[in-house]
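Notes to accompany the following structure.
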Amino acid sequence: MAVEITPLHPTLGAKVRGIDLNRPVAPEVFAEIEAAFHRCGVLVFPEQPLSDEQQLAFSCLFGPLEVNPNYAGAKMRLRPDIADISNLDAEGRVLARDDRRNLFNLGNQLWHTDSSFKHIPAKCSLLSARELPSPNPIGGGETEFADMRAAWDALPEARQRKLERLIVEHSIFRSRSQIGFADFNDEIFKQLPPVQQALVRHHRYSGRTSLYLASHASHIVGWPAEDGRKLIEELIAFATQPQFVYQHRWTIGDLVMWDNRCTMHRGRPYDDTQRRVLHRTTVSDYANTLEQEELVGSSAA
Ligand code: OGA
Ligand code: MN
């Protein structure tokens, strides 16, 4: 069966059919998927019910997988190379609304890119929908993706020139403090000190330029903190305007993968008394973004 790739949005995202991810992917088929991934930024594979092992096997084709620290310091439901994007406790019960793990998870509803708070951030994430809440007036737990390449292209050239080579500090504590989550354990503080990332990235494969922003971004290195925070907020608001955003409505069995180097995403609200269970695998990038952009030792650092 031939691979069929259809666009989902004018600039971002495509649906991929005609492939069974439960089986080993032939090299020429993988090459087609990889090319579509670099071109489209987000790929949706419908009707791909996967076991964790199958998800890991497909994800590994894109590079080394991240192993997650135990952020909330509670017993984990899943193995450390699968991020638990669910509202369940280790025993598989729905978390109470006021559970601190729920508060931590709420951070995923802020615009972000995965693991920008790590020295080597995530290259791509693959999210598999296992159980979903039914839609209701609060929302259905959709996931939105914003195209940071299209946002960059829409900036006036004079503005672009001022942003090139700026360096941003990112930290998991910045994103979680915005939603009032502060009780990390000391181990997490030690494991995840603030890191520096480039504000503007050049994609290794597509050659496109994009903004690199996230709720984890706290300030611009070398600038007064408040000025940097304002610039980051302004750019996030600019880059997440409706014309840059694709909203994904989940169906069980969807596997969605996105390029963290040139997109942001956020989860939308849902009825959290119902089960919402997605399993994420995360592929690491090959280097810190300052190294990639040759900004190490730059005067702004
Ligand atoms: C993620 C994430 C949002 C959502 O899996 O990295 O941010 O909709 N998910 O669950
Ligand atoms: Mn995320």
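First listed ligand is number 1; within each ligand, the first listed atom is number 1. All residue numbers in this chain count up from 1 along the given sequence.
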Next item on the list: Using a strict cut-off of 4.0 Å, indicate which atoms of ligand 1 neighbour a heavy atom of Asp114.
Entry: 6 (O)
Notebook entry, point to check: Should Glu91 and Lys75 count as side-chain neighbours, where that means a heavy-atom distance under 4.5 Å?
Noted result: yes
Margin query: What is the name of the N/O/S atom of Asp114 that is nearest to the Mn ion (ligand 2)?
Written below: OD1
Check: Which atoms of ligand 1 have any heavy atom of His265 under 4.0 Å away?
Finding: 1 (C), 2 (C), 6 (O), 7 (O)
Checklist line | Backbone of Asn87 reached by a side-chain donor or acceptor of Arg276 within 3.5 Å | finding: no
Note to self: Quick one about Gln109 and Arg268 (side-chain donor to acceptor, distance below 3.5 Å, no hydrogens or angles considered), yes or no?
What the structure shows: no
Next item on the list: I would like to know whether Gln197 and Tyr212 meet side chain to side chain contact (heavy atoms under 4.5 Å, CB included); could you show each step before the answer?
Entry: CA-CA 8 Å; Gln197 306 288 6; Tyr212 190 60; 3.9 Å; yes
Checklist line | Leu127 neighbourhood, listing ligand 1 atoms whose heavy-atom distance to it stays under 4.0 Å | finding: 5 (O)
Notebook entry, point to check: Do the ring centers of Phe58 and Phe45 come within less than 6.0 Å of each other?
Noted result: yes
Next item on the list: Quick one: sort the Phe104 and Phe181 rings into parallel, tilted or perpendicular, breaks at 30° and 60°.
Entry: perpendicular
Next item on the list: Please answer whether the main-chain N or O of Ala96 pairs with a side-chain N or O of Asp99 as donor and acceptor at a distance below 3.5 Å.
Entry: no
Note to self: Taking distance alone, with N or O pairs closer than 3.5 Å, would you say Arg276 contacts ligand 1?
What the structure shows: yes
Notebook entry, point to check: Quick one: angle His112 NE2 - the Mn ion (ligand 2) - His265 NE2, to the nearest 10°?
Noted result: 90°
Next item on the list: Do me a favour and list the nearest non-hydrogen protein atom to atom 6 (O) of ligand 1 with residue, atom name and distance?
Entry: Arg280 NH1, 2.6 Å
Next item on the list: Below 4.0 angstrom from a heavy atom of Gly267, which ligand 1 atoms are there? Numbered from 1 as shown, please.
Entry: 3 (C), 4 (C), 8 (O)
Next item on the list: Applying side-chain hydrogen bond (donor to acceptor under 3.5 Å, both in side chains), run through Arg280 and Thr282 and close with a yes or a no.
Entry: CA-CA 6 Å; Arg280 192 187 87 200; Thr282 317; 2.9 Å; yes
Check: So is there a nitrogen or oxygen of Arg266 less than 3.5 Å from a nitrogen or oxygen in ligand 1?
Finding: no
Next item on the list: Pick one of side chain, backbone, both or neither for how Trp258 approaches ligand 1, counting any non-hydrogen atom pair under 4.0 Å.
Entry: side chain
Item checked: Numbered atoms of ligand 1 (with element) below 4.0 Å of Thr143, judged on heavy atoms -> 4 (C), 8 (O)
Next item on the list: Go through ligand 1 atom by atom and flag the ones less than 4.0 Å from a non-hydrogen atom of His112.
Entry: 7 (O)
